[in-house]
Amino acid sequence: MCGIVGYVGPREARPLLLAGLDQLEYRGYDSAGISVLKGDTIEAVRAVGNLSALRGAISAGTDTGAVAVAERPQPGTGIGHTRWATHGGVTEENAHPHFDTSDRIHIVVNGIVENYIELKQRLIDEGAMFTSETDAEVIAHLVADHYDGDLVKAVRTAYAELRGHYAFVAMSADEPGLLVGARNECPLIIGRGQDEQFIASAIPAFLRETRHVQYIDNDEIVVVRPEGVEFFSAAGQALPRDIVEIDWDAETAEKQGYETFMLKEIHEQADAVAETIGERAARNDGIDLGDLGTIDDELLRNVRRIVMVACGTSYHAGLIGRYAIEEWSRVPVDVEIASEYRYRNPVVGAGDLVIGISQSGETADTLAAMRTARQRGATVLALTNIMGSQATREADGVLYTRAGLEIGVAATKTFVSQVAACYLLALRLAELRGTLEPDVLTETITELKHLPHLIALMLEHGIENIERIALAHHRADFFLYLGRHVGLPVALEGALKLKEISYIATDAYAAGEMKHGPIALLDQNTPVVVIATDSPVLEKIISNIQEVRARGAQVIAVATEGDRRLEGHADEVIEIPATNWMLAPLLAVVPLQLLAYYIARKRELSVDQPRNLAKTVTVE
Ligand code: G6P
């Protein structure tokens, strides 16, 4: 995900910004840039690639004298950014900072501006000249549009017009020694120094300079000057804020205070889903998937069949996608393990849409399956998290998830993003094909947009119970997972997570199929995790639970909050918030990730790098 850093104070801003960006590298990025105040202008340097490319561009500019300016004492003022491309390709123009037409206001942005298209059109009509394809640039023009010499006021007015999930920092050539930041959902934090201040998307950016931080809450605007920082509500009311001293070492800082990357990434899932949905669901009565290459509305309307090819966790995301696409749009869907599909002489061709789901976009088997389908005349869509990856280069169109870089080998936030992207596609198909009533479509989109909030709530309140269950069962040598309908892929993914990081043998089965085999494995020592969330098949699942308990096994049920039907049936209940039952997998998988996580931790295993596994498998 993108990184932000800003500095105001007596020292030269540029080296501090570059050092800050160095510390944000772990987040992953594909371009970077900084803007610093020089004389009475702002000088921006941006470059595609890593920070050494940016340093090269800076020294090239200095060498040619292109950036020579009158040096006069003034506070160091600057902002920097590492960009992980989402809207628009990896180009210098799309890299941040962005600036307004007069080049007097510069901004760096993380996240997504949902209503940028309408704002951009309005600003263009008023004469603004845009230079990038990004949604972020609109903020620079919008702030400039409201600017009359008071950056704080301009940011506040602009903020009120923006919708989405973002954080940004703005500076003006006319107000040295001032940065104004705004936070709507995405993180932004202040680092307090002696007569100098930092603002960043994550603490590592300034940890070498100060350990005194102030947290910016959601929906707040901060005014950062060398002598101090003021906090305001979006409406302009001044707010008090404590200064907190943190005692992180560099490694903890990279993990944002979490003990592992995996736990950090589990906690980033609300953001990852929110960003993936972003502006695509802005209009509520339908979905806009943006540029899907040659895959246009006509093609989606007439598609004969969808085939998803994928490996590992991505395969499970595809399985959930199948239920949603078939239910909402009535397009038949097959989901195939890529390593099998490629050698099967599959029946596929014109009229079929083949979706390669791959977090990395580099998995050899998935790429080969996509190629096979394309050679036979099918249209191929890549659903991936990595801009410019091989899958994107070989497909007719790309649908990106926006989970940011995932470091833990076991996929978590990329999985929920893939599922969210499948829901978006399913709803778009339903809209184009008229297979959902308009009010049902709108209601489902509204519920989908509410999921990030529900994920955040679960992560805030549900963990203690899961840790306790993990403690009770971490010595088991086998776990069975059961589910039906959309609960089945959740069971498969939960079981995969547990075996990947705890090395406990697991099996995941369609609950109705249990009596045809796995039931033979059950005894009093077997924990059986059952996805028993509210759905039309819940009664059937409860019958399966009874079959399990009749063999003395221990049932850990994942259930919908407040559902009394489970009472007396399960030994342990993990509750998830109520939602549309087709969307419930996005919530139900989170406790299963945590269960696997805490069991692995109790067994003192290295969860970020489990034995024998690789994050990206580029070999067959
Ligand atoms: C590896 C990873 C898994 C991932 C799978 C597919 O096995 O360890 O987490 O699900 O590859 O990767 P992809 O990048 O294609 O989604």
Side-chain angles (χ1 to χ4, degrees), residues 28 84 260-266 268-269 272 276 307-322 335-342 354-373 380-395 398-422 425 489-503 506 508 585 589-590 592-593 596-597 600 605-620:
W84 166 282
T260 62
F261 281 111
M262 184 176 171
L263 191 59
K264 169 176 164 284
E265 286 155 4
I266 288 173
E268 285 171 349
Q269 294 188 110
T276 298
V307 181
M308 299 184 171
V309 291
C311 303
T313 289
S314 297
Y315 170 73
H316 297 154
L319 291 176
I320 296 171
R322 171 169 69 190
V335 190
E336 306 270 359
I337 291 172
S339 56
E340 287 295 314
Y341 186 79
R342 61 183 291 194
V354 172
I355 307 179
I357 307 181
S358 174
Q359 181 283 125
S360 61
E362 305 289 349
T363 301
D365 284 322
T366 307
L367 291 172
M370 291 166 69
R371 261 172 232 143
T372 302
V380 174
L381 175 72
L383 198 165
T384 182
N385 197 39
I386 308 290
M387 206 167 252
S389 58
Q390 191 60 28
T392 69
R393 293 198 288 271
E394 295 191 24
V398 185
L399 178 58
Y400 284 105
T401 50
R402 299 167 178 161
L405 187 71
E406 189 174 68
I407 292 175
V409 167
T412 52
K413 64 175 179 170
T414 54
F415 172 72
V416 290
S417 306
Q418 289 168 337
V419 175
C422 287
L425 179 64
V490 175
L492 288 162
E493 177 59 11
L496 178 65
K497 285 289 91 76
L498 186 66
K499 71 165 70 97
E500 280 180 316
I501 60 172
S502 74
Y503 317 144
T506 64
V589 75
V590 176
L592 300 192
Q593 297 164 340
Y597 179 82
L605 297 169
S606 151
V607 296
D608 283 339
Q609 276 152 340
R611 71 182 180 206
N612 306 340
L613 293 177
K615 181 83 190 151
T616 304
V617 183
T618 54
V619 292
E620 213 181 306

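Order of listing sets the numbers, starting from 1, for every ligand and every atom in it.
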**Message:** Can you confirm whether Q609 is buried at CD, in the sense that more than 12 heavy atoms of other residues, nucleotides or ligands lie under 6.0 Å from that atom?
**Reply:** no
Measure from every N or O atom of ligand 1 to the protein's N or O atoms and keep only the pairs below 3.5 Å, writing each with atom names and distance to 0.1 Å.
residue, atom, partner, partner atom, Å
ligand 1, 8 (O), A614, O, 2.8
ligand 1, 9 (O), V409, O, 3.4
ligand 1, 10 (O), T313, N, 3.0
ligand 1, 12 (O), T363, OG1, 3.3
ligand 1, 14 (O), S358, OG, 3.4
ligand 1, 14 (O), Q359, N, 3.4
ligand 1, 14 (O), S360, N, 2.8
ligand 1, 14 (O), S360, OG, 2.6
ligand 1, 14 (O), T363, OG1, 3.4
ligand 1, 15 (O), S358, OG, 2.5
ligand 1, 15 (O), T363, OG1, 2.4
ligand 1, 16 (O), S314, OG, 2.5
ligand 1, 16 (O), Q359, N, 2.7

**Fill in**
dist S360:OG -> K615:NZ (nearest 0.5 Å) comes out at 8.5 Å
**Message:** Quick check for you: to the nearest 0.5 Å, what is the distance between L605 atom CG and T260 atom OG1?
**Reply:** 12.5 Å
**Prompt:** How long is the span from the OG1 atom in T412 to the CE atom in M262, to the nearest 0.5 Å?
**Reply:** 6.0 Å
**Fill in**
Sequence neighbours excluded, the answer for side-chain hydrogen bond (donor to acceptor under 3.5 Å, both in side chains) partners of Q359 is none
**Asked** Just how far is it from atom CZ of R322 to atom CD1 of I355, taken to the nearest 0.5 Å?
**Response** 13.0 Å
